Colleague: 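Here it is: the structure, laid out below.
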Amino acid sequence: MDAVLYVSHGSRKKEATEQALDFLSKVQEEIGIPLFERCFLELAEPDIEEGIHRLVKKGATRIAVLPVLLLSAGHYFEDIPEELDKAKLRFPGVELHYGEPLGVQERIIDVLVDRVRDIVAGNQTPNILLVGRGSRHPSTRTAMEFIGERLRSKAGADSVHVCYLAAITPSYDEAFHAVLESGKPTVVVPYLWFTGVLLRSMEAKVQKAAEQGYAVKISGHLNDHPHMIEAMADRVKETLVGMKTP
């Protein structure tokens, strides 16, 4: 029996976990296979092994494992595969088929444009500070720079600067300070899927700066925009087709 296992990152914040679960329920409505579980890489339960165990108990023999990740980095190439290797030893008769993250897609960049337009009036073209999670994997910087340039073009922004919350530079704190020093009206755009500790910290800093008179706003995160649901559902369908191919 075929099944789907969604592997989300996980968060210390209950709100973030609930957002991820709600989002994946909406994705699952687009999928024709009723047997599925949602699990987390860290900071929340169930973990990957338990998620697979639950599916096996329900009769799953082939499982499409979908990483709920925006870009390919350490979690995709190392952490999740390590957990899947352990699961293969425990469940040798079960086929595990590993899907791909969403990657760089124009429709996801369009979500960023929508989030900017939600808080920018008329035809204004503000400066944008695009904030990624960050990873030492070399593909992360390349992807984020490309996304930043496409966002600048599509949103009609004067400029887009890219920064990161962890692992690589420029850091969000450094870039945000530079934004304030420049005095230019700026929209901070989080390239984050769900809420969490990092996003709340960003929002607090923007709010404090705005209260001090700086022309800075923060847009909404990606969350459950219809394009995000569509993109995730497409990844599931691709993986299901692939695991049925001889």
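Being a predicted model, the structure only gives us computed values, none of them experimental. Heavy-atom basis, side chains included; hydrogens, waters and symmetry copies ignored. Starting from 1, each residue takes its place in the sequence as its number.
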Colleague: Give me the atom names and distance for the closest heavy-atom approach of R141 to I168.
Modeller: NH2-CB, 3.5 Å
Colleague: For a quick test of reading the model, state the closest non-hydrogen atom pair linking P46 to G51 and the distance between them.
Modeller: CB-N, 4.4 Å
Colleague: How many angstroms lie between atom NE2 of H97 and atom CG of D2, to the nearest 0.5 angstrom?
Modeller: 8.0 Å
Colleague: Going by atom types alone, do E100 and Y76 pair a side-chain donor with an acceptor below 3.5 Å?
Modeller: no
Colleague: Would you check if Y191 and L222 make a side-chain contact, meaning some heavy-atom pair closer than 4.5 Å?
Modeller: yes
Colleague: Ignoring hydrogens and angles, tell me if any N or O in the side chain of E50 forms a donor-acceptor pair with the backbone of D47 under 3.5 Å.
Modeller: no
Colleague: Determine, using the 4.5 Å side-chain heavy-atom cutoff (strictly less than), whether V179 and V187 are members of one ILVMFWY cluster.
Modeller: no
Colleague: Could you list the residues that satisfy ring pair (Phe, Tyr, Trp, His ring centres under 6.0 Å) with F146, not counting sequence neighbours?
Modeller: none
Colleague: Compare all side-chain heavy atoms of V188 with those of M202 and state whether any distance is below 4.5 angstrom.
Modeller: yes
Colleague: Atom CD1 in I119, atom CD1 in I218: separation rounded to 0.5 Å?
Modeller: 8.0 Å
Colleague: Just checking, any donor-acceptor pair under 3.5 angstrom between side chains of S159 and N127?
Modeller: yes
Colleague: Give the cluster check for F40 versus L55: same hydrophobic cluster or not, with ILVMFWY residues linked at side-chain heavy-atom distances below 4.5 Å.
Modeller: no
Colleague: Which atom pair, heavy atoms only, marks the closest approach of P190 to S219?
Modeller: CD-OG, 3.4 Å
Colleague: Give a yes or no on whether Y172 and V189 share a hydrophobic cluster (residues Ile, Leu, Val, Met, Phe, Trp, Tyr; joining criterion: side-chain heavy atoms under 4.5 Å apart).
Modeller: no
Colleague: Checking R200 against E15 for the salt bridge (Lys or Arg N to Asp or Glu O under 4.0 Å) test, could you report, in this order, the C-alpha distance in whole Å, the side-chain angles of both residues, the deciding distance, and whether it holds?
Modeller: CA-CA 11 Å; R200 291 302 181 221; E15 180 188 1; 2.8 Å; yes
Colleague: R90 side chain to H53 main-chain N or O, any donor-acceptor pair under 3.5 Å?
Modeller: no
Colleague: If you measure only the distance, is there a donor-acceptor pair under 3.5 Å linking the side chains of S139 and H137?
Modeller: yes
Colleague: Does any part of the side chain of L198, heavy atoms only, come nearer than 4.5 Å to the side chain of V131, both counted from C-beta?
Modeller: no
Colleague: State, to 0.1 Å, how close V216 and A210 come at their nearest heavy-atom pair, and which atoms those are.
Modeller: O-CB, 3.9 Å
Colleague: For side chain to side chain contact (heavy atoms under 4.5 Å, CB included), just list the numbers for R133 and Y164, CA-CA rounded to whole Å, side-chain angles, deciding distance to a tenth of an Å, and then say yes or no.
Modeller: CA-CA 5 Å; R133 183 176 293 273; Y164 305 92; over 6 Å; no
Colleague: So do the side chains of P67 and Y98 get within less than 4.5 Å of each other, counting heavy atoms only?
Modeller: yes
Colleague: Quick check: does any side chain N or O of T61 sit under 3.5 Å from a backbone N or O of M1, one acting as donor and the other as acceptor?
Modeller: yes
Colleague: Sub-3.5 Å donor-acceptor pair from the side chain of S182 to the main-chain atoms of K184, do we have one?
Modeller: yes
Colleague: Kindly compute the distance separating CE (M144) from CD1 (I147), expressed to the nearest 0.5 Å.
Modeller: 5.5 Å
Colleague: Might you work through the side chain to side chain contact (heavy atoms under 4.5 Å, CB included) test for V7 and L66, ending with a clear yes or no?
Modeller: CA-CA 6 Å; V7 184; L66 273 299; over 6 Å; no
Colleague: For Q28 and I33, indicate whether the former's side chain and the latter's backbone hold a donor-acceptor pair under 3.5 Å.
Modeller: yes
Colleague: Nearest 0.5 Å, please: how far is CG in L96 from CG in D85?
Modeller: 9.5 Å
Colleague: Kindly check if the number of other-residue, nucleotide or ligand heavy atoms within 6.0 Å of CZ (R136) is above 12?
Modeller: no
Colleague: Take W193 and M228 through the side chain to side chain contact (heavy atoms under 4.5 Å, CB included) test and state the conclusion after the steps.
Modeller: CA-CA 9 Å; W193 206 331; M228 299 301 296; 3.6 Å; yes
Colleague: What do the steps show when you test I63 against V4 for side chain to side chain contact (heavy atoms under 4.5 Å, CB included), and what is the final call?
Modeller: CA-CA 5 Å; I63 302 175; V4 179; over 6 Å; no
Colleague: Please determine whether residues L70 and V68 belong to a single hydrophobic cluster, defined as Ile, Leu, Val, Met, Phe, Trp and Tyr linked transitively by side-chain heavy-atom distances below 4.5 Å.
Modeller: yes
Colleague: Counting only heavy atoms not in K26, do more than 12 sit closer than 6.0 Å to its NZ atom?
Modeller: yes
Colleague: State plainly whether the residues K86 and E82 are in salt-bridge range, i.e. N to O under 4.0 Å.
Modeller: no
Colleague: With a 4.5 Å limit on heavy-atom distance, are the side chains of E37 and Y6 in contact?
Modeller: no
Colleague: Counting only heavy atoms from other residues, nucleotides and ligands, does the tally under 6.0 Å from CD of E106 exceed 12?
Modeller: yes
Colleague: Looking at R235 and L102, would you say the former's side chain and the latter's main chain have a donor-acceptor pair under 3.5 Å?
Modeller: yes
Colleague: Measure the shortest side-chain to side-chain distance between I80 and L69 over non-hydrogen atoms and say whether it is less than 4.5 angstrom.
Modeller: yes
Colleague: K58 side chain to L35 main-chain N or O, any donor-acceptor pair under 3.5 Å?
Modeller: no
Colleague: Which is it for F194 and H221 under the ring pair (Phe, Tyr, Trp, His ring centres under 6.0 Å) test, yes or no, and what are the steps along the way?
Modeller: CA-CA 7 Å; F194 307 114; H221 53 295; 7.7 Å; no
Colleague: Do L71 and S135 make a side-chain contact, defined as non-hydrogen atoms from C-beta onward lying under 4.5 Å apart?
Modeller: no
Colleague: Answer yes if L199 and I108 sit in the same cluster of Ile, Leu, Val, Met, Phe, Trp and Tyr residues linked by side chain heavy atoms under 4.5 Å apart, and no otherwise.
Modeller: no
Colleague: Evaluate the side-chain proximity of V206 to F176: yes if any heavy-atom separation is below 4.5 Å, no if none is.
Modeller: yes
Colleague: So, for C163 and L129, which heavy atoms are closest and what is the spacing to 0.1 Å?
Modeller: SG-CD1, 3.7 Å
Colleague: Out of R115, R150, K154, which one pairs with D110 under the side chain to side chain donor-acceptor pair (under 3.5 Å) rule?
Modeller: K154
Colleague: If we ignore hydrogens and angles and just use 3.5 Å, is the side chain of R38 paired with the main-chain N or O of L21 as donor and acceptor?
Modeller: yes
Colleague: To the nearest 0.5 angstrom, please state how far the CD atom of E95 sits from the CE atom of M243.
Modeller: 8.0 Å
Colleague: Taking all non-hydrogen atoms of both residues, which atom of A60 and which atom of A3 are closest, and how far apart?
Modeller: CB-CB, 3.8 Å
Colleague: Please round to the nearest 0.5 Å and tell me the distance separating atom CG of L5 and atom OG1 of T239.
Modeller: 11.5 Å
Colleague: Taking atom types as modelled, is there a side-chain donor on E203 or Q207 under 3.5 Å from an acceptor on the other?
Modeller: no
Colleague: Checking salt bridge (Lys or Arg N to Asp or Glu O under 4.0 Å) for the pair E149/R152: CA distance, chi angles, key distance, verdict?
Modeller: CA-CA 5 Å; E149 178 54 31; R152 183 200 63 76; 2.7 Å; yes
